[in-house]
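All residue numbers refer to positions in the sequence shown, counting from 1. What you see is a predicted model; the values in this text were computed from it and never measured.
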Amino acid sequence: MIHNERTKLLANALDRASTACFTVGIATPLAGYIYNISNLRENLSVWLMFIAALGWCIACFALHYLTRRVLGGLR
């Protein structure tokens with residue numbers, strides 16, 4: 001029973017990390033770009049935003065996949 005609770009705790013931490021990756025790496029820069037905070041549109045190209053968002057998406061999906069693998073270890 002302790003093993004299952006520790007496994008669920010780890011899975012929750014990984015899932016929160018994937019959500020934080022999305023928020024920090026995708027949602028926040030996209031909002032800054034849309035609302036042109038600090039002239040972000042002039043200082044950052046669309047391609048760089050796309051490549052960075054793609055990298056953050058990969059990190060999100062990797063953490064989410066790892067979470068599912070961890071939950072597979074429940075007894």
Side-chain angles (χ1 to χ4, degrees):
M1 187 152 170
I2 292 173
H3 176 270
N4 282 349
E5 291 303 315
R6 287 182 178 165
T7 302
K8 288 191 270 183
L9 183 64
L10 175 60
N12 284 329
L14 289 170
D15 194 46
R16 284 189 305 272
S18 71
T19 303
C21 281
F22 177 80
T23 303
V24 169
I26 299 169
T28 303
L30 185 60
Y33 196 83
I34 289 170
Y35 295 111
N36 200 23
I37 306 289
S38 298
N39 291 323
L40 192 59
R41 287 185 203 148
E42 288 80 29
N43 297 326
L44 193 62
S45 71
V46 174
W47 288 109
L48 185 58
M49 282 278 293
F50 177 75
I51 291 169
L54 183 63
W56 281 103
C57 273
I58 291 169
C60 292
F61 288 125
L63 284 167
H64 189 71
Y65 175 75
L66 189 58
T67 299
R68 294 178 61 85
R69 298 281 303 191
V70 166
L71 285 176
L74 289 175
R75 294 180 191 164

### Heavy-atom side-chain proximity of Leu63 to Cys21 below 4.5 angstrom
yes
### Message
Using the side-chain contact (heavy atoms from CB on, under 4.5 Å) criterion, which residues pair with Ser38? Sequence neighbours excluded.
### Response
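Result, side-chain contact (heavy atoms from CB on, under 4.5 Å) vs Ser38: none returned.
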### Set of residues satisfying side-chain contact (heavy atoms from CB on, under 4.5 Å) with respect to Thr28, sequence neighbours excluded
Thr23
#### Entry: For the student: nearest non-hydrogen atoms of Phe22 and Cys60, plus distance
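For Phe22 versus Cys60, the nearest heavy atoms are N-SG, 3.3 Å.
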### Summary
For Met49 and Pro29 the tightest heavy-atom approach is CE-O, 3.6 Å
#### Entry: Main-chain N/O of Leu74 paired to Asn4 side chain as donor or acceptor, under 3.5 Å
no
Could you list the donor-acceptor pairs under 3.5 angstrom formed between side-chain atoms of residues 30-37 and any protein atom two or more places apart in sequence or on another chain?
from  : atom 1 : to    : atom 2 : distance (Å)
Asn36 : OD1    : Leu40 : N      : 3.2
Asn36 : OD1    : Arg41 : N      : 3.1

## Note on the structure
Grouping ILVMFWY residues whenever side-chain heavy atoms fall under 4.5 Å, the cluster of Ile58 otherwise contains Leu54
### Task
Check which hydrophobic residues are tied to Tyr65 through side-chain heavy-atom contacts below 4.5 Å, counting indirect links as well, and list them.
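Its cluster partners, ordered by chain and number, are none at all.
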#### Entry: Single-linkage hydrophobic cluster Leu48~Val46, side-chain heavy atoms < 4.5 angstrom
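Yes; tracing contacts between hydrophobic side chains, which count when under 4.5 Å, links both residues.
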Would you be so kind as to tabulate the donor-acceptor pairs closer than 3.5 Å made by side chains of residues 9-17, with sequence neighbours excluded?
from  : atom 1 : to   : atom 2 : distance (Å)
Asn12 : ND2    : Lys8 : O      : 3.3

### Cys57 side, atom SG; Phe61 side, atom CZ - distance, nearest 0.5 Å
5.5 Å
